[in-house]
Chemist: 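Before I ask anything, let me first share the structure, which is written out below as structure tokens.
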There are 2 protein chains.
Amino acid sequence: MPESKDTKAKIRRTALRLFAERGYNAVSMRDLAEAVGMRQGGLYNHFEGKQALLSDLMETHMVALLKALDAAMAGINGTRARLEVFVRHHVAHHLNYPDDVFLAYMEVRSLDPDNRARIVALRNRYEYMLRNILEDGCAKGLFSIGDAAVHARMLLAMMTGVTVWYRDNGRLSRDEVVDLYLDAALQSVGLTMVQS
Amino acid sequence: MPESKDTKAKIRRTALRLFAERGYNAVSMRDLAEAVGMRQGGLYNHFEGKQALLSDLMETHMVALLKALDAAMAGINGTRARLEVFVRHHVAHHLNYPDDVFLAYMEVRSLDPDNRARIVALRNRYEYMLRNILEDGCAKGLFSIGDAAVHARMLLAMMTGVTVWYRDNGRLSRDEVVDLYLDAALQSVGLTMVQS
DNA sequence: AATATGAATGAACAGTCATTCACATAATTC
DNA sequence: GAATTATGTGAATGACTGTTCATTCATATT
């Protein structure tokens, strides 16, 4: 029984990597089992099926994302400060968990309707937090943007895209990348940067 | 033979829609044939196979995108003007051909290595044009951005994301959306907007 | 020592996949 | 009108799909 949790975790880890690399539909349960180091039948001792595994991975990630964001935002009150924390947290999280993020973005359409509804609801909660900050900044005359809802989607797309190109052994460190995205985000809402 | 071109075009159109809606791997040749109004065998009179069809769709789109961009940029000289044209063209194109764009973005990994290399090369050419403009604006001290290469990717991700949420019967017209993205893009590089 | 449990196996199941092919039909060319 | 070509059909192919299940095995509990 001590092995059990290890195996389940290993299946999770491997499935996350393979699904993110090749796409959910392009990975068979045999492929997955082989990568884990077992036979396909054994997977079903740990997960109900392929769809349940995908759904589990995505929900786990979304819940963790929201929880971490809540923690990071706790006690932050200024509108500008809240935007800064959101951006920093979002980009850093996406740099730290690229596979989770990529999967959650790309494979929503591979979920059955029920699972999809749950995941999309979580995603909307996340998007709403940013829109809230932007609307706040608009109402106070701090930000200069055309439309808060649209701008929230712009910023999310912009920031989420970091997973597409960032590589760890590249020219820039993660911290530098976070700073670049923060500067761009602040400037996009009409805030001038503070020299660091 | 008059039917021939029509059929081929219809297969293309239908495949584009289905691949974009459900994903390349989730659409079978039977599904496609049925949606076109024929049997699966007949598809092979028009395309070598499924992979060739996908590759054809993506290449056709990328070539059209680059050609249209070249046409739009012809004779535009100022750095700021070039950025404006690029952004307007990019967003408008993405609003007009959402399926093409979505497919080209999502299904790169479903291409075999050879086809992928060709498509990625075309995509890089496109990205390079924007980076060029940004580097130009930086060199002239017009733009205030941290890193031109990174900022190009930020803007592309931001603008391309419009396909994810825009719906034709929504709150905003295409032109309004283009304007919103233009304003955000200009502000993100440190340019103040001109009141329209 | 006997029993129960969790976990892995490997074969089997019913379906689906992309692709091929012999054949029919329709259109075009001579 | 006959020959040729283009186009579509429907069945067949073999490989692969997610899932199930009887069985085995090692470990833990009684």
Side-chain angles (χ1 to χ4, degrees), chain A residues 1-58 103 106-116, chain B residues 1-58 103 106-116:
Chain A
M1 205 198 321
E3 273 278 296
S4 167
K5 266 189 75 182
D6 279 9
T7 304
K8 188 161 184 172
K10 192 172 183 187
I11 293 172
R12 240 194 256 267
R13 231 180 315 127
T14 310
L16 180 64
R17 182 170 55 81
L18 291 185
F19 287 166
E21 270 173 15
R22 307 183 204 165
Y24 174 75
N25 272 306
V27 178
S28 72
M29 293 300 263
R30 283 170 181 81
D31 293 338
L32 175 56
E34 194 191 341
V36 174
M38 60 192 298
R39 249 46 61 200
Q40 76 268 26
L43 295 174
Y44 291 83
N45 291 323
H46 302 275
F47 292 95
E48 269 189 31
K50 199 185 178 187
Q51 171 73 207
L53 176 52
L54 176 65
S55 174
D56 178 287
L57 288 174
M58 291 181 63
L103 190 73
M106 295 283 280
E107 299 295 354
V108 173
R109 65 172 161 191
S110 298
L111 293 166
D112 332 319
D114 287 355
N115 290 327
R116 177 157 54 236
Chain B
M1 206 193 326
E3 274 277 298
S4 167
K5 266 189 75 181
D6 280 8
T7 305
K8 188 160 184 172
K10 192 172 184 189
I11 293 173
R12 242 194 257 266
R13 230 180 315 126
T14 310
L16 181 63
R17 182 172 53 81
L18 291 185
F19 287 166
E21 271 173 14
R22 307 183 206 164
Y24 175 74
N25 272 306
V27 177
S28 72
M29 293 301 262
R30 280 179 178 80
D31 293 338
L32 175 56
E34 194 191 341
V36 174
M38 59 193 297
R39 249 43 64 199
Q40 76 265 28
L43 295 174
Y44 291 83
N45 290 323
H46 303 276
F47 292 94
E48 270 189 31
K50 197 185 180 188
Q51 171 73 208
L53 176 52
L54 175 65
S55 174
D56 177 286
L57 288 173
M58 291 181 63
L103 191 73
M106 295 283 281
E107 298 295 354
V108 173
R109 65 171 162 192
S110 298
L111 293 165
D112 352 304
D114 287 355
N115 289 328
R116 177 157 56 235

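In what follows, every heavy atom counts, from backbone to side chain, and hydrogens, waters and symmetry copies are set aside. Letters A, B, ... mirror the listed sequences (proteins, then strands); counts begin at 1.
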Chemist: Within residues 25-40 of chain A, find the residues that approach DNA chain D with a heavy atom at under 4.0 Å, and present them sorted by residue number.
Modeler: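 A/Val27, A/Ser28, A/Met29, A/Arg30, A/Gln40, in order of number.
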Chemist: Can a donor-acceptor pair under 3.5 Å be found between the side-chain atoms of B/Asn45 and the base atoms of D/dA6?
Modeler: no
Chemist: Can you tell me how far apart CG (B/Leu53) and CG (B/Leu43) are? Round to the nearest 0.5 Å.
Modeler: 8.0 Å
Chemist: Which value, rounded to the nearest 0.5 Å, describes the distance between A/Leu111 atom CG and A/Tyr24 atom OH?
Modeler: 8.0 Å
Chemist: Of all the choices, C/dA8, D/dG18, D/dG8, which nucleotide is nearest to the side chain of B/His46 once you look at every atom?
Modeler: D/dG8
Chemist: Find the distance A/Phe47:CZ to D/dT19:P and express it as a whole number of Å.
Modeler: 13 Å
Chemist: Give A/Gly49 one of three labels, base, sugar-phosphate or nothing, depending on what nucleic acid heavy atoms sit under 4.0 Å from its own.
Modeler: sugar-phosphate
Chemist: Quick check for you: to the nearest 0.5 Å, what is the distance between B/Met38 atom CE and B/Asn45 atom CG?
Modeler: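 Between B/Met38 CE and B/Asn45 CG, I get 7.0 Å after rounding to 0.5 Å.
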Chemist: Near A/Glu21 CD, under 6.0 Å, is it more than 12 heavy atoms from other residues, nucleotides or ligands?
Modeler: yes
Chemist: Are B/Met29 and B/Phe47 packed together at the side-chain level, in the sense that at least one heavy-atom pair is separated by less than 4.5 angstrom?
Modeler: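 No, their side chains stay 4.5 Å or more apart.
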Chemist: Would you mind reading off the distance between B/Asp6 atom CG and C/dA26 atom P, rounded to a whole angstrom?
Modeler: 18 Å
Chemist: Give the rounded distance in Å between these two atoms: NZ of A/Lys50 and P of D/dT17.
Modeler: 8 Å
Chemist: Roughly, in whole Å, what's the span from CG in B/Leu54 to C1' in C/dC17?
Modeler: 16 Å
Chemist: Provide, to the nearest angstrom, the distance between the CD atom belonging to B/Gln51 and the P atom belonging to C/dA18.
Modeler: 12 Å
Chemist: Tell me the interatomic distance from B/Asp112, atom CG, to C/dA18, atom P, rounded to whole angstroms.
Modeler: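 Between P of C/dA18 and CG of B/Asp112: 14 Å.
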Chemist: Let me know the distance between OH of A/Tyr24 and C1' of D/dT17, rounded to the nearest Å.
Modeler: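 These atoms are roughly 11 Å apart.
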Chemist: What is the separation between atom CG on A/Leu43 and atom P on D/dT17, rounded to the nearest whole Å?
Modeler: 13 Å
Chemist: As an exercise, state the distance from CZ of A/Arg22 to CG of A/Leu32, rounded to the nearest 0.5 Å.
Modeler: 9.5 Å
